[in-house]
Amino acid sequence: MSELSKLTLAAARDALRKGETTSLALTEACLSEIEGAARLNAFVRVTPEIALDQARAADARIAAGEAPAMCGMPLGIKDLFCTRGVPSQAASHILNGFRPEYESTVTQKLWDAGAVMLGKLNMDEFAMGSSNETSTYGNAVNPWKVDDRDLTPGGSSGGSAAAVAADLCLAATGTDTGGSIRQPAAFTGIVGIKPTYGRVSRWGIVAFASSLDQAGPMTRTVRDAAIMLGAMAGHDPKDSTSADIPVPDFEAALTGDIRGKTIGIPSEYRMAGMPAEIEALWSRGAEMLKDAGARIVDISLPHTRYALPAYYVIAPAEASSNLARYDGVRYGHRAKLAEGDGIVQMYEKTRAEGFGKEVQRRVMIGTYVLSAGFYDAYYNRARKVRALIKRDFDEVFAQGVDAILTPATPSAAFGLGEMQDADPVEMYLNDVFTVTVNLAGLPGIAVPAGLDAQGLPLGLQLIGRPWEEGDLLNTAQVLEDAAGFVSRPAKWW
Amino acid sequence: MSIDIDTARRVAHLARIAVAEEDLPALAQQLSGILTFMEQLNEVDVSGVEPMTSVTPMRLKRRADVVTDGGYAAQILSNAPDAREGFFAVPKVVE
């Protein structure tokens, strides 16, 4: 039974079409795995009734023939996605009890394709964090373990990563504002792609930083990422920044042939103090692509070191504006008021009680950089630096580079609580390799590429040209095949 | 640029987040640390660079100026902490 929850989307699709299994059997297998995995705290809300209904409907559709690839696939959904009638609270206390009256475009597209919702997944509060330690539901735990410590699955899509790596679901949705799909994917040995900005609708996804946020799939293989991205992507009139361009068949792009492609290695990503094993993995990755017939070239992205500070101006600025809506009036938590308290006290007490410390910090930083007298010095300057960061990428792509290879993270997964006393800025360094991609609006994918000396997964990142996810996925699959990463976490939970 | 306790108090109020007086010094210190990190941006020559407004060059779509949605007040109010007679209810705003 439990073998079924380990299937890739591609294998499950083929088995369903051949009549070798049913969506109901897949769904029941996942629900039983979820029940036994409370220790991981990946699923924060399970929706078995919805799941079983959707599975039965999917089986009927498959029997009738012509069912789409995602039909019958049991998925986990990050708590950031609004799902009709099912609590959706962005892992924040301030959205306690919020049951959306509507469905996000991405989840609606998945249900229209016949996919099955198993439940909602843990994450950092409002997607702000790199370790899933800011959640109102408590920490999600990485299924990988090397000693008695519980390790972080990364963040913010930590629950999604843990659930896919622990075989609780076949795949999951994630969102990525500065690395929140790719960093947890790398920490748990799975694949995660952040598409080009505008490829996937943001409608119905709780907003963090609207100019950076993109949703994407978190899966066990590159092929699965191609299949699921195809079902999530597409123009949506309800999101004015979603691109009105056709969605190609991403799976068909996986030809395995990258001969003649040019892969850039950016010298600025060779950070001081980078662990030797990450540097070695990066070189091995370049060798693998070279062996497959790609040309490897050294490139320069000179503004890379300014990406993190620019990001930590722009993202909190947008967050302070987006999170202004949580005021205790229309939904979620409202503080108990004292005699004589007016509306300002209601706002201030509600937001103090409802937001966790990291969210409060970012809202205040955002408020500060947008305030009169500082707007030009911080916010406008950061937006100018962002333009330069994008220009760096435009220039290397214009020189004929097809994709860029970098490490996905500066380390393997660390222990939960180990960063507790660290400066907030130290936690931000987790995003050092991923954040440039959001600032430039590019597609980026994390692929598991090896284990470190302790036996924890490490990932490599490939960055592609805008709208060329198909080409990027093809290169990623070549890397995946050459790396041959097959390790799985041993079940201890 | 470092943030003093008065600035921290003012920012917290602008952000409509209640912060206890005794928590202000630690908050001021954390915010200052983050701002110091951001000050690296001052090293970049940004002369002649336009601030980015849209990461992919695109014109925002426009649609006809007509009502396309609405008429479900009960659903809009269904999540409100306090709703009365078809309205959101809040503490008294004017005397």
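So you know, we letter chains A, B, ... as the sequences are listed, proteins then strands, and number each from 1.
Contacts with chain A (heavy atom to heavy atom, under 4.5 Å) involve no residue of residues 62-74 of chain B. When the heavy atoms of residues 16-26 of chain B are compared with those of chain A, the residues falling under 4.5 Å are B/Arg16, B/Ile17, B/Ala18, B/Val19, listed by number.
Checked against side chain to side chain contact (heavy atoms under 4.5 Å, CB included), A/Thr105 has the following partners two or more places apart in sequence or in another chain: A/Lys109, A/Ser201, A/Trp203, A/Asp236, A/Lys238.
If you tally non-hydrogen atom pairs under 4.5 Å between each of A/Leu442, A/Thr241, A/Asp423 and chain B, the highest count goes to A/Thr241. For the set B/Ile76, B/Leu77, B/Asn42, the count of heavy-atom pairs under 4.5 angstrom toward chain A peaks at B/Asn42. Contacts with chain B were tallied for A/His303, A/Lys390, A/Glu353; A/Lys390 has the most, counting heavy-atom pairs under 4.5 Å.
Atom CD of B/Gln29 has 12 or fewer heavy atoms from other residues, nucleotides or ligands within 6.0 Å. For A/Gln420, the CD atom is loosely surrounded, since the number of other residues' heavy atoms within 6.0 Å does not exceed 12.
Contact annotation: the side chain of A/Tyr368 never approaches that of B/Arg10 to less than 4.5 Å [non-hydrogen atoms, C-beta and beyond]. Side chains of A/Ser371 and B/Val11 form no contact here, defined as non-hydrogen atoms less than 4.5 Å apart.
A pairwise comparison of heavy atoms in B/Leu41 and A/Arg381 identifies O-NH1, 2.9 Å as the closest pair. Between A/Val313 and B/Met38, the closest heavy-atom pair is CG2-SD, 3.5 Å. Residue B/Asp45 comes nearest to A/Leu388 through the heavy atom pair O-CD1, 3.9 Å, listed as atom of the first residue, atom of the second, then distance. Closest heavy-atom contact between A/Val425 and B/Gly33: CG2-O, 4.2 Å. Contact detail for A/Ala387 and B/Met52: the closest heavy-atom pair is CA-CE, 3.8 Å.
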Contacts under 3.5 angstrom, residues 80-90 of chain B side chains, donor-acceptor by atom type, not counting sequence neighbours:
unit_1, atom_1, unit_2, atom_2, d
B/Asp82, OD1, B/Arg84, NE, 3.2
B/Asp82, OD2, B/Arg84, NH2, 2.8

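Contacts between B/Gln40 and chain A at a heavy-atom distance below 4.5 Å involve backbone atoms as well as side-chain atoms. Residue B/Ser54 does not touch chain A at all, counting heavy-atom pairs closer than 4.5 Å. Of the atoms belonging to A/Leu439, it is backbone heavy atoms, and not side-chain ones, that fall under 4.5 Å from chain B. Residue A/Tyr428 touches chain B through its side chain alone, counting heavy-atom pairs closer than 4.5 Å. Only the side chain of A/Met346 has a heavy atom closer than 4.5 Å to any heavy atom of chain B. Interface remark: A/Asp341 contributes backbone atoms only to the contact with chain B (heavy atom separation under 4.5 Å). For A/Ala440, the part lying near chain B is the backbone, with the side chain staying farther off; criterion is any non-hydrogen pair under 4.5 Å. Both the backbone and the side chain of A/Ser240 come within contact range of chain B, with heavy atoms under 4.5 Å apart.
Considering OG1 of B/Thr53 and CZ of A/Arg383, their distance stands at 7.0 Å, rounded to 0.5 Å. Residue B/Leu14 holds its CG atom at 6.5 Å from OG1 of A/Thr367, rounded to the nearest 0.5 Å. Between the OG atom of B/Ser78 and the CZ atom of A/Arg330 there is a distance of 13.5 Å, given to the nearest 0.5 Å. Distance check: B/Leu31 CG to A/Arg361 CZ gives 8.5 Å after rounding to the nearest 0.5 Å.
Here the side chain of A/Arg386 pairs no donor or acceptor atom with the backbone of B/Val55 at under 3.5 angstrom. A donor-acceptor pair is defined here as one N or O able to donate and one able to accept, closer than 3.5 Å; such a pair exists between the side chain of B/Asn79 and the backbone of A/Arg99.
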Determine whether B/Glu43 and A/Tyr306 satisfy the following criterion, side-chain hydrogen bond (donor to acceptor under 3.5 Å, both in side chains), listing intermediate values before the conclusion. CA-CA 9 Å; B/Glu43 298 164 14; A/Tyr306 301 109; 2.6 Å; yes
